[in-house]
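Have a look at the structure that comes next, please.
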Amino acid sequence: MARILITSALPYINGIKHLGNLVGSQLPSDAYARYMRAKGHEVMYICATDEHGTPAELAAAKAGVPVSEFCADMHVVQKDIAEGFRLSFDYFGRSSSDRNREITQHLAAALGREGLIDVVSEKQMYSHADGRYLPDRYIEGTCPNCGDDKARGDQCENCTKQLDPTDLINPRSAISGSTDLEVRETKHLYLKQSTLRDTLDKWIDSQEGWPILTTSIAKKWLHDGDGLRDRGITRDLDWGVPVQFEGAPWSGMEGKVFYVWFDAPIEYIAATAEWADETGAGDAAWERWWRTDKGADDVHYVQFMGKDNVPFHTLSFPATLMGSAEPWKLVDFIKSYNWLTYEGGKFSTSQGRGIFMNQALDIFPSDYWRWWLLSNAPESSDSNFTWESFQGGINKDLADVLGNFVSRVTKFCRGKFGEEVPAGGSYGEAEAVVTAEIAKRLKAYEANMEAVELRKAAADLRAIWASGNEYLQAAAPWTLFKESPEDSAAIIRFAFNLIRLYGVLSAPYIPDASKAILAAINAEDAAWPDDIEAALSALQAGHAFTTPEVLFAKITDDRREELEAEFAGDD
RNA sequence: GGGCCUGUAGCUCAGUUGGUUAGAGCAGAGCGCUCAUAACGCUUUUGUCGUAGGUUCAAGUCCUACCGGGCCUACCA
């Protein structure tokens with residue numbers, strides 16, 4: 001038994017996330033966590049809301065509530081939605097927690113002691129009308145290069161030229177439109193990542209089997225131009241972890257907070273501590289996951305994220321932990337995802353294109369979404385959501401291949417033998433063939449799960465389901481029943497054992513359906529199979545069952561067209 | 001501009017360190033079955049593996065150039 005630490009990238013607090021966010025970290029990490037638990041490993045699966053930063057403050061202002069209240073409310077909303085999708089976090093924390101403040105400050109102080117923090121004086125735009133400093137992106141103006149009047153302070157979207165806010169002609173606040181801006185001198189802490197460049201480079205090189213997407217992004221940042229640059233880790237904001245605190249090795253940083261990207265990954269650690277606090281498990285309980293001097297040495301740590309998150313997880317966060325010179329557990333495997341597109345285009349909040357997590361749950365059961373998204377996860381390149389593909393996947397895979405298999409077996413049995421697993425007859429060649437087939441597929445399924453290839457593993461799982469239909473068709477118990485009910489009974493008995501096995505194996509992908517299947521056949525034993533033959537004889541003659549209702553209702557063409565229209569967006 | 005990824009059957013994708021007749025699912029066609037959510041099974045059509053060169057006994061797989069699609073480029077998170 002291994003100990004597996006799993007973290008999903010933190011969803012940002014400013015609104016409800018769409019399906020692209022879901023498939024890029026939370027969903028695959030959940031399937032992985034469920035699989036690892038089923039295999040008997042000790043799992044700690046952590047996620048949290050990422051609550052700091054300018055967008056959170058602005059969203060709160062727009063909603064007309066204090067930012068702390070806004071975050072508290074949105075945290076509950078996101079937590080409920082996560083439960084709706086059956087995301088099985090051991091703890092869903094908040095980056096605004098006391099624990100995160102404590103650990104973030106602790107790590108910053110350690111970095112300071114190690115000489116990895118610089119105090120840098122820089123110029124920032126201050127907006128009088130907004131009463132705040134504005135990040136470069138929140139300043140708009142006319143591009144000095146191409147004359148586009150919607151250029152942002154970091155880059156002109158039109159001509160792609162990199163800009164400095166002071167380059168803009170007629171700069172204005174992107175929030176209020178105010179031109180009452182002032183360049184102010186302000187001090188910030190910088191993490192001297194450049195010092196750790198070689199260490200990080202070697203560390204990345206020593207990793208095996210990481211997705212190309214992960215390593216290529218990390219390498220780009222390490223080697224592009226002058227190499228890895230130092231990074232500002234503080235901001236002039238109100239909401240966040242205070243930079244000036246008791247024991248801080250710097251002074252004069254009152255009123256500033258750590259940059260959201262500094263404290264967000266630390267929340268993985270802090271959320272584990274929050275879990276220990278809430279369960280009363282004590283500090284040792286979380287430290288054994290995170291401190292290699294306190295038991296975390298044998299932990300296998302896997303992170304899940306969209307590709308936008310990769311630089312922070314491959315470089316900044318490891319630099320923070322390594323640089324502290326304390327024995328923190330570093331990540332062992334970074335799984336990164338490409339984007340999910342919607343009907344060939346981008347998901348767009350502003351244009352109302354695409355599907356948000358709350359809407360999705362209103363339309364179909366979570367298993368539908370889980371299955372389609374995971375079996376089409378953007379693992380090798382971007383993948384595209386279309387209602388047609390969704391309909392096809394659900395109807396074919398879930399309704400026809402799996403659902404109908406359960407249905408045809410249970411209904412046939414009820415009609416011919418009654419609602420208990422029938423006795424009589426014996427197994428022969430056909431059972432041996434399908435058992436061998438499933439054993440082979442299961443091996444592939446497990447190998448792909450271990451390798452965090454969720455899309456491929458889904459195809460293996462589907463093949464396992466399909467083998468049941470092949471078996472049934474070849475064995476034809478309905479024909480045999482006429483001359484030899486006993487032999488027919490043996491086939492049905494075996495088919496019931498397939499159903500049970502499917503219930504067990506499907507749980508990482510479709511937990512609700514899995515539960516429904518196992519409940520219908522009254523299966524007490526839902527353990528992951530070690531021995532496939534033993535697993536296929538768990539249900540004995542006389543075992544009572546109930547015939548389930550339709551497990552997966554099909555999506556009709558009319559319904560699909562309705563949804564296509566409903567989600568087409570404004571334009 | 002620089003970098004990365006990607007281009008394989010009508011569609012979505014697999015193709016391990018280059019090695020015999022290039023695979024799966026969906027869609028299409030034919031046959032079979034009739035227990036089942038008109039579900040299932042079997043058989044089957046289609047490919048100059050983006051284009052042009054090159055390396056090699058041998059290339060979808062390696063190299064170069066070009067064409068198409070996407071992403072990243074450090075103050076959104």
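Here is how names work: the chains are called A, B, and so on, in the same order as the sequence lines, proteins then strands, and each is numbered from 1.
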> Relative to the 5' end of RNA chain B, which residue comes earlier, Gly403(A) or Leu237(A), by the nucleotide with the nearest heavy atom?
Replying inline: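 Looking at the nearest nucleotide for each, Gly403(A) comes out on the 5' side.
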
> Which nucleotide sits closest to the side chain of Val550(A): rC13(B), rU37(B), rC75(B)?
Replying inline: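 Nearest nucleotide to the side chain: rU37(B).
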
> Which nucleotide in the set rA77(B), rA36(B), rG41(B) lies at the smallest distance from any side-chain heavy atom of Arg408(A)?
Replying inline: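 Of rA77(B), rA36(B), rG41(B), rA36(B) is nearest to the side chain of Arg408(A).
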
>> What's Lys416(A) touching, base or sugar-phosphate or nothing? Going by heavy atoms closer than 4.0 Å.
In response: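 The answer is nothing, as Lys416(A) stays clear of every strand by at least 4.0 Å.
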
> Side chain of Gln473(A): nearest nucleotide among rC40(B), rA77(B), rG70(B)?
Replying inline: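 Side chain of Gln473(A) sits closest to rC40(B).
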
Would you tabulate the side-chain donor-acceptor contacts of residues 405-412 of chain A under 3.5 Å, counting partners in other chains and residues two or more places apart, or write 'none'?
| unit_1 | atom_1 | unit_2 | atom_2 | d |
| --- | --- | --- | --- | --- |
| Arg408(A) | NH1 | Asn469(A) | OD1 | 2.8 |
| Arg408(A) | NH2 | Gln473(A) | OE1 | 3.3 |
| Thr410(A) | OG1 | Val406(A) | O | 2.7 |
| Thr410(A) | OG1 | Ser407(A) | O | 3.2 |

> For the rings on Tyr268(A) and His313(A), is their centre-to-centre separation under 6.0 Å?
Replying inline: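 Between Tyr268(A) and His313(A), the centre distance is under 6.0 Å.
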
> Any side-chain N or O of Thr341(A) less than 4.0 Å from the OP1 or OP2 oxygen of rG70(B)?
Replying inline: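 Result: no.
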
> Which part of the nucleic acid, if any, lies within reach of Glu122(A) when heavy atoms closer than 4.0 Å are counted: base, sugar-phosphate only, or nothing?
Replying inline: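 If one applies the 4.0 Å heavy-atom cut-off, Glu122(A) turns out to touch a base.
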
>> Using the side-chain heavy atoms of Lys456(A), tell me which of these nucleotides is nearest: rC75(B), rG41(B), rG15(B).
In response: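 For Lys456(A), the side-chain atoms sit closest to rG15(B).
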
>> Starting the side chain at C-beta, find the nucleotide from rA77(B), rU34(B), rC75(B) nearest to Thr479(A).
In response: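 Nucleotide nearest to Thr479(A)'s side chain: rU34(B).
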
>> Students often get this wrong, so: under 4.0 angstrom with heavy atoms, is Val260(A) touching a base, only sugar-phosphate, or nothing?
In response: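 Sugar-phosphate contact only - Val260(A) comes under 4.0 Å of backbone atoms but never of a base.
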
> If we take the P atom in both rU12(B) and rG69(B), what is their distance in whole Å?
Replying inline: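 Pairwise P distance, rU12(B) against rG69(B), rounds to 16 Å.
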
>> Under 4.0 Å from OP1 or OP2 of rG41(B): is there any side-chain N or O of Tyr471(A) that close?
In response: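 No.
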
>> Within the 4.0 Å heavy-atom criterion, would you say Asn404(A) contacts the bases, only the backbone, or no part of the nucleic acid?
In response: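 Base, at least one base heavy atom under 4.0 Å.
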
> Stacking between Phe412(A) and the base of rC35(B) (centre distance under 5.5 Å, interplanar angle under 30°)?
Replying inline: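 No, aromatic ring not over the base.
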
>> Under 4.0 Å, heavy atoms only, any strand: does Gly227(A) hit a base, just the sugar-phosphate, or nothing?
In response: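 Base contact - Gly227(A) has a heavy atom under 4.0 Å of at least one base atom.
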
>> Regarding Trp261(A), tell me which of base, sugar-phosphate or nothing describes its non-hydrogen contacts under 4.0 Å with the strands shown.
In response: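 Result for Trp261(A) = base.
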
>> In whole Å, measure the gap between the P atoms of rU55(B) and rU64(B) for me.
In response: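 Looking at atom P only, rU55(B) and rU64(B) are 15 Å apart.
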
>> Distance check, C1' atoms only: rU17(B) and rU21(B), in whole angstrom units.
In response: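 To the nearest whole Å, 23 Å.
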
> For the ring pair Phe385(A) and Trp387(A), is the centre-to-centre distance below 6.0 Å?
Replying inline: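 Yes, close enough.
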
> Knowing that exactly one of Trp371(A), Phe552(A), Tyr509(A) qualifies, which makes a ring pair (Phe, Tyr, Trp, His ring centres under 6.0 Å) with Trp465(A)?
Replying inline: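 With Trp465(A) as partner, Trp371(A), Phe552(A), Tyr509(A) yield a single ring pair (Phe, Tyr, Trp, His ring centres under 6.0 Å), made by Trp371(A).
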
Give me the distances for all protein-to-nucleotides 25-29 of chain B N/O pairs that come in under 3.5 Å?
| unit_1 | atom_1 | unit_2 | atom_2 | d |
| --- | --- | --- | --- | --- |
| rG25(B) | O3' | Arg462(A) | NH2 | 3.4 |

> Is Phe405(A) touching bases, backbone alone, or none of the nucleic acid, heavy atoms closer than 4.0 Å?
Replying inline: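 Nothing, no heavy atom under 4.0 Å.
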
>> Considering every strand and a 4.0 Å limit on heavy-atom distances, what is the contact class for Asp50(A): base, sugar-phosphate, or nothing?
In response: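 Result for Asp50(A) = sugar-phosphate.
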
> Which part of the nucleic acid, if any, lies within contact of Ser380(A), taking any heavy atom under 4.0 Å across all strands shown: a base, the sugar-phosphate backbone alone, or nothing?
Replying inline: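 Sugar-phosphate contact only.
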
>> Closest approach to the side chain of Trp221(A), judged atom by atom: which nucleotide of rC72(B), rC33(B), rC4(B) is it?
In response: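 Within the option list, the nearest is rC72(B).
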
> Quick one: is Lys554(A) getting a side-chain N or O under 4.0 Å of the rA39(B) phosphate, OP1 or OP2?
Replying inline: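 Result: yes.
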
>> Students often get this wrong, so: under 4.0 angstrom with heavy atoms, is Ser381(A) touching a base, only sugar-phosphate, or nothing?
In response: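 The answer is nothing, as Ser381(A) stays clear of every strand by at least 4.0 Å.
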
> Closest heavy-atom contact between Pro422(A) and Phe417(A)?
Replying inline: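 So the minimum-distance heavy-atom pair works out to CB-CG, 3.7 Å.
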
> If you measure from the C1' atom in rC67(B) to the same atom in rA27(B), how many Å do you get, rounded?
Replying inline: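 The same atom, C1', in both gives a distance of 30 Å.
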
> For Glu549(A) and rA36(B), what is the distance between atoms CD and P respectively, to the nearest whole Å?
Replying inline: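 That distance rounds to 15 Å.
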
>> Quick check: on RNA chain B, is the nucleotide nearest Gln193(A) upstream (toward 5') of the one nearest Leu213(A), or the reverse? Name the residue that is more 5'.
In response: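 In this pair, the answer is Leu213(A).
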
> The side chain of Ile212(A) lies closest to which of these nucleotides: rC71(B), rC5(B), rA39(B)?
Replying inline: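 When the side chain of Ile212(A) is considered, rC5(B) is the closest of rC71(B), rC5(B), rA39(B).
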
> Which nucleotide in the list rC13(B), rU37(B), rC71(B) gets nearest to the side chain of Trp339(A)?
Replying inline: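 For the Trp339(A) side chain, the nearest candidate turns out to be rC71(B).
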
>> Nearest to the Glu470(A) side chain among rA36(B), rC42(B), rU12(B), which nucleotide is it?
In response: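 Of the options given, the side chain of Glu470(A) lies nearest rC42(B).
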
> If you look at every strand shown and take non-hydrogen atoms under 4.0 Å, does Phe481(A) touch a base, only sugar-phosphate, or nothing?
Replying inline: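 Phe481(A): no heavy atom of the nucleic acid under 4.0 Å.
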
> Rounded to whole angstroms, how far apart are CD on Gln391(A) and C1' on rC11(B)?
Replying inline: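 Going from CD in Gln391(A) over to C1' in rC11(B) covers 15 Å.
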
>> Can you list everything that forms a salt bridge (charged side-chain N to carboxylate O under 4.0 Å, His left out) with Glu419(A)? Sequence neighbours excluded, please.
In response: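 Partners of Glu419(A) by the salt bridge (charged side-chain N to carboxylate O under 4.0 Å, His left out) criterion come out as none, since no residue qualifies.
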
>> Rounded to the nearest 0.5 Å, what separates atom OG1 in Thr104(A) from atom CD1 in Ile266(A)?
In response: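 So the gap between those two atoms works out to 4.0 Å.
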
>> Taking the cut-offs as 6.0 angstrom to the six-membered ring centre and 45 degrees off its axis, would you call Lys192(A) and Tyr190(A) a cation-pi pair?
In response: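 Checked: cation-pi criterion not met.
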
>> Give me the distance, rounded to whole Å, that separates rU73(B) from rG47(B) when you measure between the P atoms they each carry.
In response: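 Nearest-Å result for rU73(B) against rG47(B) at atom P: 42 Å.
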
> With a non-hydrogen cut-off below 4.0 angstrom, is Pro477(A) in contact with a base, only sugar-phosphate, or nothing?
Replying inline: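 Nothing: the residue Pro477(A), judged by heavy atoms under 4.0 Å, touches no strand.
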
> Lys220(A) side chain: which of rG2(B), rA74(B), rU37(B) is closest?
Replying inline: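 Output: rG2(B).
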
> What heavy-atom pair brings Asn100(A) and Ser95(A) nearest, and what distance separates the two atoms?
Replying inline: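 So the two residues come closest at ND2-O, 2.8 Å.
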
>> I'd like the C1' distance from rG54(B) over to rC71(B), given in whole Å.
In response: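 Comparing C1' positions in rC71(B) and rG54(B) gives a spacing of 30 Å.
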
> Do Glu388(A) and rC11(B) share a donor-acceptor pair, side chain to base, under 3.5 Å?
Replying inline: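 Side chain to base: no pair present.
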
> Any donor and acceptor pair, going by atom type alone, linking the side chain of Arg370(A) with main-chain N or O of Pro365(A) inside 3.5 Å?
Replying inline: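 It does not hold such a pair.
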
>> Taking 4.0 Å as the cut-off, does a side-chain nitrogen or oxygen of Arg414(A) come that near to OP1 or OP2 on rA36(B)?
In response: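 Negative; the distance criterion is not met.
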
> Does a nitrogen or oxygen in the side chain of Lys411(A) sit under 4.0 Å from OP1 or OP2 of rU37(B)?
Replying inline: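 Yes, Lys411(A) has a side-chain N/O under 4.0 Å of OP1/OP2 on rU37(B).
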
